[in-house]
Amino acid sequence: MKLSIAIGLVLLLAHYAASLAAAGGGPRVIIVGAGMSGISAGKRLSDAGIGDFLILEATDRVGGRIHKTNFAGVNVEMGANWVEGVNGKEMNPIWTMVNDELKLRNFNSDYDHLANNTYKENGGLYEEAFVQKIIDRADEVEESGSKLSTTLHASGRDDMSVMAMQRLNDHIPSGPAAPVDMVIDYYKYDYEFAEPPRVTSLQNTKPLPTFNNFGDDVHFVADQRGYESVVYHVAGNYLKMNKSGAIVDPRLKLNTVVREIKYFPSGVMVKTEDGQIYRADYVMVSASLGVLQTDLIRFNPQLPSWKIVSIYQFDMSVYTKIFLKFPKRFWPEGPGTEFFLYASGRRGYYPVWQQFEQQYPGSNVLLVTVTDDESRRIEQQSDNQTKAEAVEVLRKMFPGKDVLDATDILVPRWWSNRFFKGTFSNWPIGVNRYEYDLIRAPVGRVYFTGEHTSEHYNGYVHGAYLAGIDSADILIKCAQKKICKYTVQGKYE
Ligand SMILES: Cc1cc2nc3c(=O)[nH]c(=O)nc-3n(C[C@H](O)[C@H](O)[C@H](O)COP(=O)(O)OP(=O)(O)OC[C@H]3O[C@@H](n4cnc5c(N)ncnc54)[C@H](O)[C@@H]3O)c2cc1C
Ligand SMILES: *[C@@H]1O[C@H](CO)[C@@H](O)[C@H](O)[C@H]1NC(C)=O
Ligand SMILES: *[C@@H]1O[C@H](CO)[C@@H](O)[C@H](O)[C@H]1NC(C)=O
Ligand SMILES: *[C@@H]1O[C@H](CO)[C@@H](O)[C@H](O)[C@H]1NC(C)=O
């Protein structure tokens, strides 16, 4: 009697294993999202012999937050634009792809001339020496903050905001302060993290592993093929492509919005907006932190509270690149003029500008970057309104010049878009390695990847790429070696 039950069970298991093995000889995995991390995870699985997977992507394209678009006759980048972390002690894997393998046209960004490219609120440049002093002081305080950061207890229990660190150095540039102090502060912190020093963790951003390990240089990708070529480059290793470079692999399904993930001890069931149901052994979710903070994807059963809390403790920031086209140029050109600042009395008001004399010659296009609350405000108003504001700022900066109305404007809306809900993750104060590791930790057969799960490089393209590899490895260990227990070190270990 006992024996027959045992045999029955073995048969049942054998039958189950056989049905799973039928398609590709291994487990079946569903990957949610075809951005850099999802595509990278797919490659790692494929390399490990797990070829039976399905990538479900909500939008009509591959690349996610790396996205070129045609504006005023040139392809510009609405999302990621720079390879950040170049010429350091370690090689940034994205730099290898961009510069060596794909040879994407790129430009080293030189921010060394801001001191004589900083405009007063009502026009004209500040004196170079005056601004240089402010920059030097900000650099000095940052340096001191990096030193302080490395002395803080590794658990993160002594973490503080970047702003608190500034105050400890008797430096209070964030505001209210003079417009020029605020714009330099904005350039140093918000322009990188898309959130102000008040909410950004000192310990986890200074020194920043990206620059510390990969180097201080940042290279702007301006190639008509688009920065997204790096995602296609990774995909090309294992997904079928046709002669024109389109992915034609049946394992990739575009326009497929995942709305529900049911997970059981024996497998997962994924429901999409069009009512389809897909079954698999595992699911790997690569949707952004912003998406995870909404109910676009319902988990059934609900994710455990430790998971929900860790997801909500982290921050999704908003970084908005506004492109403007003009009938003619009125801004300075030549070496040392690429980046310029507007010192408004309202911190973060159209602060950082870039001209594209080198990248898109003759296009008469300017880029202005805003973040955080300004981004959300601007996403909610008409592009006409934004255009009028930006042109008014330029007329103030260049009072003697004939600043004609912009003829075209591009305002990406990453925050409003339900498939992104922001641009990249930023590390808040007091969240330590423990909570961070929980964001990546699997829940049963549900695995997580994405830039927000990257061990050292959250917020970056290389972070997304490396996170895809790491999360795939965790899944592979479980699927192939049956080591499925994932341990996160305790908060104060
Ligand atoms: C404006 C902006 C500027 C940036 N600048 C830089 C930069 O200069 N340098 C740099 O290194 N990094 C930069 N980044 C960050 C970088 O782009 C990201 O870290 C990286 O591309 C994220 O990749 P990912 O795979 O984690 O996420 P994503 O690219 O968001 O991929 C996730 C995919 O999941 C899909 N998805 C979401 N929900 C669902 C669902 N329910 N069902 C199915 N599919 C779903 C999405 O459509 C998306 O394609 C920038 C990002 C933005 C937005
Ligand atoms: C490749 O596929 C894309 C998308 O399906 C299609 O538009 C294109 O014509 C195809 N090219 C070739 C050479 O088959
Ligand atoms: C700033 O200085 C650089 C190099 O010293 C110079 O090439 C550039 O034209 C100057 N910018 C402005 C706006 O004067
Ligand atoms: C924007 O303003 C222009 C004139 O200033 C007008 O012609 C156009 O219709 C407006 N567009 C929108 C979307 O409001």
Side-chain angles (χ1 to χ4, degrees), residues 30-42 55-67 77-86 92 94-95 98 109 191-192 194 210 214 218-221 227-228 230-231 234 240-249 252-261 270-273 283-292 294-298 316-322 367 369-371 375 412-415 417-426 448-454 457-468 471:
I30 290 172
I31 297 173
V32 180
M36 182 46 112
S37 67
I39 292 295
S40 165
I55 305 175
L56 306 178
E57 165 56 46
T59 69
D60 61 1
R61 57 180 289 281
V62 165
R65 283 174 268 169
I66 315 180
H67 193 177
E77 303 291 338
M78 295 196 284
N81 217 143
W82 281 269
V83 184
E84 302 204 34
V86 177
N92 182 332
I94 303 300
W95 181 238
V98 163
S109 286
Y191 184 56
E192 188 63 32
T210 284
F214 294 141
V218 298
H219 280 248
F220 186 95
V221 176
Y227 195 170
E228 65 199 50
V230 293
V231 184
V234 176
K240 197 170 160 223
M241 290 190 165
N242 71 11
K243 290 219 172 72
S244 32
I247 298 170
V248 291
D249 198 296
L252 170 69
K253 286 193 182 301
L254 301 176
N255 302 304
T256 306
V257 183
V258 170
R259 294 306 307 270
E260 187 180 353
I261 295 176
V270 171
K271 229 189 233 173
T272 55
E273 202 150 73
V283 61
M284 170 81 74
V285 181
S286 84
S288 77
L289 181 71
V291 168
L292 293 176
T294 70
D295 64 355
L296 181 67
I297 304 173
R298 268 168 291 110
M316 186 65 166
S317 69
V318 197
Y319 179 101
T320 309
K321 301 162 71 183
I322 301 169
L367 166 63
T369 300
V370 300
T371 54
S375 288
R413 286 180 166 76
W414 292 106
W415 173 66
N417 188 324
R418 67 182 178 133
F419 303 134
F420 299 96
K421 299 305 289 178
T423 54
F424 43 82
S425 64
N426 182 37
F448 292 85
T449 190
E451 56 81 8
H452 55 284
T453 71
S454 166
Y457 309 110
N458 74 284
Y460 295 102
V461 173
H462 49 274
Y465 172 72
L466 294 170
S471 297

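Just so it is clear, the model here is predicted, and its values are computed rather than measured. Atoms within each ligand, like the ligands themselves, are counted from 1 in listed order.
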Test item: Thr423 side-chain N/O and Tyr319 main-chain N/O as donor-acceptor pair under 3.5 Å: yes
What's the spacing between Asn92 CG and Tyr465 OH if we round to 0.5 Å? 10.5 Å
Relative to the heavy atoms of Ala287, which atoms of ligand 1 are at a distance of less than 4.0 Å? 37 (C), 38 (N)
Kindly say whether Thr256 contributes a backbone atom to a donor-acceptor pair with the side chain of Thr272 at under 3.5 angstrom? no
Apply side chain to side chain donor-acceptor pair (under 3.5 Å) to Ser375 and Trp415, showing your working. CA-CA 8 Å; Ser375 288; Trp415 173 66; over 6 Å; no
I'd like to know whether ligand 1 has Gly459 as a neighbour, heavy-atom separation below 4.0 Å. yes
Could you tell me whether the side chain of Thr449 and the main chain of Ala467 form a donor-acceptor pair under 3.5 Å? yes
Which residue supplies the protein heavy atom nearest to atom 4 (C) of ligand 2, what is that atom called, and how far is it? Ala246 CB, 3.9 Å
Would Trp82 count as being in polar contact with ligand 1, using the rule that some N or O on each side must be under 3.5 angstrom apart? yes
Out of Leu254, Val257, Ile31, which residue meets the side-chain contact (heavy atoms from CB on, under 4.5 Å) rule with Glu57? Leu254
Rounded to the nearest 0.5 Å, what separates atom CD1 in Ile30 from atom CD1 in Ile55? 11.5 Å
Got the closest protein heavy atom to atom 45 (C) of ligand 1, with its distance? Ala58 CB, 3.6 Å
Among Ser37, Ser425, Gly64, Gly79, closest by any non-hydrogen atom to atom 2 (C) of ligand 1: Gly79
Of all the non-hydrogen atoms in the protein, which one sits nearest to atom 21 (O) of ligand 1, and at what distance? Ile66 CG1, 3.5 Å
Taking non-hydrogen atoms only, is Glu451 closer than 4.0 angstrom to ligand 1 via side chain, backbone, both or neither? both
Can you list the ligand 1 atoms lying under 4.0 Å from a non-hydrogen atom of Gly450? 26 (O)
Within the 4.0 Å heavy-atom shell around Thr423, which atoms of ligand 1 are there? 1 (C), 51 (C), 52 (C), 53 (C)
Element-labelled atoms of ligand 1 that are located less than 4.0 Å from some non-hydrogen atom of Tyr319: 1 (C), 3 (C)
Among all protein heavy atoms, pick the one closest to atom 37 (C) of ligand 1 and tell me residue, atom and distance. Phe419 O, 3.5 Å
Atoms of ligand 1 under 4.0 Å from any heavy atom of Met78, numbered from 1 in the order shown, are 1 (C)
The reported gap from CG in Asp249 to CG in Asn242 (rounded to nearest 0.5 angstrom) is 11.5 Å
Which atoms form the tightest heavy-atom contact between Tyr191 and Trp82, and what is the distance? OH-CH2, 3.7 Å
Give the atom numbers and elements of ligand 1 that come within less than 4.0 Å of a heavy atom of Ser286. 32 (C)
Check Thr272 against ligand 1 and report side chain, backbone, both or neither, counting heavy atoms closer than 4.0 Å. neither
Under the side chain to side chain donor-acceptor pair (under 3.5 Å) criterion, do Glu451 and Ser37 qualify, and how do the steps go? CA-CA 7 Å; Glu451 56 81 8; Ser37 67; over 6 Å; no
Considering only protein heavy atoms, which is closest to atom 13 (C) of ligand 2, and at what distance to one decimal place? Ser244 OG, 3.6 Å
Any idea which protein heavy atom is nearest atom 49 (O) of ligand 1, and the distance to it? Glu57 OE1, 2.6 Å
Should the pair Trp95 and His219 be assigned to parallel (<30°), tilted (30 to 60°) or perpendicular (>60°) ring geometry? tilted
On a heavy-atom basis, which atom in Phe419 and which in Thr59 lie closest, and how many Å separate them? CD1-CG2, 3.8 Å
Which residue owns the protein heavy atom closest to atom 12 (C) of ligand 2, what's the atom, and how far is it? Asn242 ND2, 3.3 Å
Is there any N or O on Lys321 that sits under 3.5 Å from an N or O of ligand 1? no
List the closest protein heavy-atom neighbour of atom 20 (C) of ligand 1: residue, atom name, distance to the nearest 0.1 Å. Ala464 CB, 3.9 Å
Mind checking the OG-CH2 spacing from Ser317 to Trp414? Nearest 0.5 Å is all I need. 12.5 Å
Tell me, do Val318 and Thr371 make a side-chain contact under 4.5 Å, heavy atoms counted? no
Thr294 side chain to Val291 main-chain N or O, any donor-acceptor pair under 3.5 Å? yes
What's the separation between atom CD1 in Ile94 and atom CE in Met36, rounded to the nearest 0.5 Å? 4.0 Å
Value rounded to 0.5 Å, distance of CZ in Arg298 from CZ in Arg259: 5.5 Å
Mark the output for Val218 as yes if a heavy-atom distance to ligand 1 is under 4.0 Å, and as no if none is. no
Side chain, backbone, both or neither: the part of Trp414 lying under 4.0 Å from ligand 1 by heavy atom: side chain
re atom 5 (N) of ligand 1, the protein heavy-atom contact at minimum distance is Ala80 CA, 3.3 Å
Using distance alone, decide if ligand 1 has a nitrogen or oxygen within less than 3.5 Å of any nitrogen or oxygen in Ser288. no
Relative to the heavy atoms of Leu56, which atoms of ligand 1 are at a distance of less than 4.0 Å? 43 (C), 44 (N)
Proximity flag His452 to ligand 1, non-hydrogen atoms under 4.0 Å: no
Proximity to ligand 1 by part of Val258, non-hydrogen separation under 4.0 Å: both
If you take all heavy atoms of Ile66 and Ala80, which pair is closest and at what distance? CG1-CB, 4.3 Å
With a 4.0 Å heavy-atom cut-off (strictly under), which part of Leu296 contacts ligand 1: side chain, backbone, both or neither? side chain
Thr59 heavy atoms, cut-off 4.0 Å: which ligand 1 atoms fall inside? 47 (O)
Identity and separation of the nearest protein heavy atom to atom 11 (O) of ligand 1: Val461 N, 2.8 Å
Below 4.0 Å, non-hydrogen atoms only: which portion of Tyr460 touches ligand 1? Side chain, backbone, both or neither. both
For Phe420 and Met316, which heavy atoms make the closest approach, and how far apart are they? O-CE, 3.6 Å
Measure from atom 5 (O) of ligand 2 to every heavy atom in Val248, Ile247, Leu254 and give the option owning the shortest one. Val248
Residue part near ligand 1, for Val83, under 4.0 Å between non-hydrogen atoms: neither
What protein heavy atom is closest to atom 31 (O) of ligand 1, reported as residue, atom name and distance in Å? Gly35 CA, 3.4 Å
